[in-house]
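Lettering follows sequence order; numbering is per chain, from 1. Since we're looking at a predicted model, the values are computed, not measured.
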Amino acid sequence: MANKDVTDPARMEKIVSLCKRRGFIFQAGELYGGLNGCWDYGPLGVELKRNLKDYWWRKTVQERDDVLGLDGAILTMEQVLVSSGHVGGFSDPMCDCRVTQARLRADQVPELSGKVRVYRAAYPQALGFKLAKLVTTHGGQCPPESANRALSQAMVTPSAESSSAVEQVTKAIEDFLSAHASIELSDTVTIPAIVADILADITFLDLKVLILEGKNSDSADKVAKKFYSARGIQNPALIVDSALLDVVNSTSFNPENGAELTEPRQFNLMLQTNFGATGDQIAYLRPETAQSIFCQYKNVLDSNRVKIPFGIAQCGKSFRNEINPRNFTFRSREFEQMEVEYFCHPDDGMRLTDEWLEARLKFYGDIGIPREKLHILDVPDGERAFYSKKTYDIEYEFPFGIQELEGVAYRTNYDLGVHEKGAGKSLVYFDEETKEKYLPHVVEPSAGCDRTVLALLCEAFDEETLTDEKGKVDVRTILRFVPRMAPIKVGIFPLLKKNEEQVRICRDIQKSLQPWMNVFYDDGGAVGRRYRRQDEVGTPFCVTVDFDTLGENGDALQGTVTVRHRDSMEQERLPIASLLPWLLERVR
RNA sequence: GCGGGCAUAGCUUAGUGGUAAAGCCCUAGCCUUCCAAGCUAGACAUGCGGGUUCGAUUCCCGCUGCCCGCUCCA
């Protein structure tokens, strides 16, 4: 979707490293080697995430008259997910065409007979690296890129279509060595030995293509070429075996193009579990929070004296057996969603979708994600889910690319419709004023909680280069969270930890603030060091009790403390008594 | 899912077929009146499992995980 992705892997690495070092996010099961696609939030991460969820709840539920909360069960009945369509399309074994990726039901692939052409190719990069390694091992100086370039050029220039792998690799190596006269192999090494080493060690990429009735082998070659070029092999020159095999009544080939199909696989992306006394009942870990909202829509309506339009909000865990978790916490197998299903009259759906988009954009601004880092994708026809009349993706510029944070989708009355049908019970709404009966339509703003936490971290991360009076350069690492999202709101330090009076006053301040916000007492090392420690975890304010606080420099300063600001590093003096209101105004 | 690369202390990196090194961080103490000072002492590592070997962190294989490029995302 995104066309101007700017990625910064080095920045991402620093963020991941900071998250671990300071206790924001750890890999789940790390002690035992790690569990792919699962993450644990550490002491600071859980505060950050909680701040986000609490603020979302406050803004979405508590400060609105028209949205109610719900906390549904994670274990979900099979029938619910059959009705919703989550079980249906994915319960049969499926095959993929290895060339076009077309997905076919395994039991519906027709039996085909005919000649099959066998292709075998190797990645030129792989060959290049093997060669470089061998040359180096045998005393030559050879950077891998150089061997790679030379060898891959040789590889894509087939001498003859039917020449063998041994011949082609031999020729490539000879060409390479003659082009690099400085490389001398030791006397004990022969080119056939290197060729044998390479071929024994290399991974080949094989493909079979059935020559369809009425077509010739050229068409099969075309299919193979597409397959290899999609994998970075521009010219499948290394054809080891171009012999033709006969197959009869095989269901392993795509009837459209003759390409080989993958083995049939179960494609359910939901996590299943067993329960009941004998463990023979099936339930699913919900793949989205939305379904319990649809299923309880009528109960909420009947028990809370609400009228359409109104919404039901839910924040909680969902689970998907993602094929390919990637990008730190961005795509996880276990993740948290913040969703609203907003029920409305069919005439209002489009308008409300736009209104929710605006409300959500304001929310992101309020948590410190600037509007200019967000991209709104108006998902075009054909790319939306089939039931959706309008979908906006709200995307953020992550260091690994522009990726979706939230989808605002107008889902029509599809969801209530399928559950009405599945359960055999009416979900029609009766409007007392207009005497109108209809099945409500739904607008769904669905945000990824973990993704948003990650966006907060990425947005907040900053490195500032400082130069002191002596010209000494220092890098200050800061998380510039807006105060309402910061895991710790204020650090409290005695200037000298040996001064009992300062420590006592600090502890008093700590006690007085703790009921209102998360604070952190620290007396270790020099005060400057403590400031920097708090910068690194995004604490917006630090309070220092010093000798002025004790009245040693006059009555005017007695009972006041230094407040130091994270972003500017500037300080101001405030009376202890006014700290709480001063802070509350800034961290809510 | 495909391919490539990588795996040594909390972090960043050395190094070795025979006792694993350093800086930062951390802990304790000394010192210290506002931005990562200094001194002393201390804790902490070869991802997991096989194989070769008298001996493997090092070489080989498998697994797991991470990163990159494709793919996928109901």
Side-chain angles (χ1 to χ4, degrees), chain A residues 7 9-10 12-14 16-23 26-38 42 81 84-91 94 96 98 101 103 121-126 128-129 144 148 201-205 227-233 262-263 265 267-270 287-288 320-328 331 385-387 400 403-404 464 466 468 470 472 474-477 493-499 502 524-536 542-550 552-553 561-566 569-571 573:
Chain A
T7 63
M12 196 59 212
E13 268 177 47
K14 285 181 190 171
V16 173
S17 174
L18 174 66
C19 282
K20 184 178 179 191
R21 190 169 70 246
R22 302 314 302 263
F26 310 118
Q27 183 171 29
E30 192 192 82
L31 193 59
Y32 290 92
L35 183 60
N36 188 235
C38 298
L81 295 165
S84 71
H86 286 89
V87 172
F90 285 83
S91 59
M94 308 288 273
D96 290 341
R98 294 186 65 199
Q101 314 302 334
R103 188 156 286 174
Y123 285 83
Q125 291 90 338
F129 277 103
N148 185 4
D201 202 24
I202 206 153
T203 306
F204 287 102
L205 197 54
F227 174 79
Y228 287 110
S229 71
R231 284 157 182 77
I233 301 173
T262 59
E263 290 294 307
R265 284 175 295 181
F267 254 84
N268 206 313
L269 287 161
M270 290 194 294
E288 59 180 25
R320 294 182 196 182
N321 188 21
E322 295 287 353
I323 301 296
N324 189 4
R326 257 318 152 83
N327 291 326
F328 200 28
R331 177 168 294 140
F386 65 90
Y387 47 76
F400 46 82
Q403 297 281 342
E404 180 183 346
E464 193 176 78
L466 302 173
D468 67 13
K470 297 165 201 154
K472 209 175 149 192
D474 179 27
V475 175
R476 185 169 79 113
T477 302
F493 315 143
L495 190 56
L496 276 189
K497 78 168 167 182
K498 289 223 142 175
N499 186 301
Q502 287 178 8
V527 72
R529 183 186 207 75
R530 295 177 234 158
Y531 288 148
R532 297 299 180 84
R533 269 202 283 254
Q534 292 306 308
D535 289 343
E536 211 178 35
C542 291
V543 164
T544 301
V545 171
D546 57 16
F547 292 92
D548 291 351
T549 314
L550 308 180
E552 290 190 4
N553 294 304
V561 292
T562 300
V563 176
R564 181 263 194 183
H565 294 253
R566 174 195 68 202
M569 293 169 63
E570 281 171 5
Q571 306 189 352
R573 270 203 101 78

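- Not one N or O on the side chain of A:R320 forms a donor-acceptor pair closer than 3.5 Å with the backbone of A:R331.
- No donor-acceptor distance shorter than 3.5 angstrom exists from the side chain of A:R476 to the backbone of A:E464, with no hydrogens or angles considered.
- If you take atom C1' in B:rC48 and the same atom in B:rU57, they sit 14 Å apart, rounded to whole Å.
- When the C1' atom is used for both B:rA43 and B:rA37, the distance is 23 Å, rounded to whole Å.
- The base of B:rG10 is not paired with the side chain of A:R22 by any donor and acceptor separated by under 3.5 Å.
- Just one of A:R566, A:R564, A:R529 meets the salt bridge (charged side-chain N to carboxylate O under 4.0 Å, His left out) condition when paired with A:D535; it is A:R564.
- Atom pair A:K20:NZ and B:rG65:C1' shows a separation of 12 Å (rounding to whole Å applied).
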Could you go through nucleotides 26-33 of chain B and list every protein N or O atom that sits under 3.5 Å from one of its N or O atoms, giving the distance for each pair?
residue	atom	partner	partner atom	Å
B:rC26	OP1	A:R533	NH1	2.5
B:rC26	OP2	A:R529	NH2	3.3
B:rC30	OP1	A:K498	NZ	3.2

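- Note: NE2 (A:H565) to P (B:rC35) measures 16 Å, nearest angstrom.
- In this structure the side chain of A:L550 reaches within 4.5 angstrom of the side chain of A:N499, judged on heavy atoms.
- B:rG49 and B:rU64 have their P atoms separated by 15 Å, with the value rounded to a whole Å.
- Rounded to whole Å, the separation between the P atoms of B:rC66 and B:rC60 comes to 24 Å.
- Using a 4.0 Å heavy-atom distance criterion, A:F26 is classed as making no nucleic acid contact.
- Nearer to the 5' terminus of RNA chain B, by closest-nucleotide assignment, is the contact made by A:T477 (compared with the other of A:T477 and A:E13).
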**OP:** Using the side-chain contact (heavy atoms from CB on, under 4.5 Å) rule, take A:M270 and A:V87 through it: C-alpha gap first, then chi angles, then the decisive distance, then the call.
**Re:** CA-CA 8 Å; A:M270 290 194 294; A:V87 172; 3.6 Å; yes
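- For the pair A:Q571 CD and B:rC35 P, the interatomic distance rounds to 8 Å; values are reported in whole Å.
- Between the CG atom of A:L31 and the C1' atom of B:rA45 there is a distance of 14 Å, rounded to whole Å.
- Taking atom C1' in both B:rU12 and B:rU52, one finds a spacing of 34 Å when rounded to whole Å.
- Side-chain atoms of A:Q571 do not come within 3.5 Å of backbone N or O of A:T562 as any donor-acceptor pair.
- Put simply, CD on A:Q534 is 17 Å from P on B:rC35, counting in whole angstrom units.
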Subject >> Test side-chain contact (heavy atoms from CB on, under 4.5 Å) applied to A:R22 and A:R533, step by step >> reply: CA-CA 9 Å; A:R22 302 314 302 263; A:R533 269 202 283 254; 4.2 Å; yes
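- As a whole-Å value, the separation of A:M569 CE from B:rC34 P is 14 Å.
- Distance from the side chain of A:N327 is smallest for B:rC68 among the nucleotides B:rC35, B:rC68, B:rC66.
- The side-chain heavy atoms of A:L496 and A:Q502, taken from C-beta on, include a pair separated by under 4.5 Å.
- In terms of polar N and O atoms assigned as donor or acceptor, the side chain of A:R320 never comes within less than 3.5 Å of the base of B:rC73 in a complementary pairing.
- Among the heavy atoms of the strands lying under 4.0 Å from A:P287 is at least one base atom, whether or not backbone atoms are also near.
- Computed from coordinates, the A:E464 CD to B:rA36 P distance equals 13 Å when rounded to whole Å.
- OP1 or OP2 of B:rC66 lies within a sub-4.0 Å distance of a side-chain N or O belonging to A:Q27.
- How far CG of A:D548 is from CG of A:N553: 4.5 Å, rounded to the nearest 0.5 Å.
- Going from the P atom of B:rG4 to that of B:rG62 covers 12 Å, rounded to whole Å.
- Counting any heavy atom pair closer than 4.0 Å across all strands shown, A:S17 reaches sugar-phosphate atoms only and no base atom.
- Between the side chain of A:E552 and the backbone N or O of A:F547 there is no donor-acceptor pair closer than 3.5 Å.
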Subject >> Evaluation steps, side-chain contact (heavy atoms from CB on, under 4.5 Å), between A:E536 and A:L18 >> reply: CA-CA 8 Å; A:E536 211 178 35; A:L18 174 66; 3.5 Å; yes
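- Remark: P of B:rC25 and CG of A:D474 are 11 Å apart, rounded to the nearest angstrom.
- For the C1' atoms, the distance linking B:rA9 with B:rC24 amounts to 12 Å, nearest Å.
- Base contact: A:R331 has a heavy atom under 4.0 Å from a base atom.
- Paired runs in RNA chain B that reach 3 or more consecutive Watson-Crick or G-U pairs, where each pair keeps both distances under 3.5 Å, cover B:1-7 with B:64-70, B:10-13 with B:21-24, B:26-30 with B:38-42, B:47-51 with B:59-63.
- Checking B:rC11, B:rA36, B:rC70 against the side-chain heavy atoms of A:R21 singles out B:rC11 as nearest.
- Residue-to-nucleotide contacts include a donor-acceptor pair under 3.5 Å from the side chain of A:Y531 to the base of B:rC34.
- B:rA41 and B:rU8 have their C1' atoms separated by 25 Å, with the value rounded to a whole Å.
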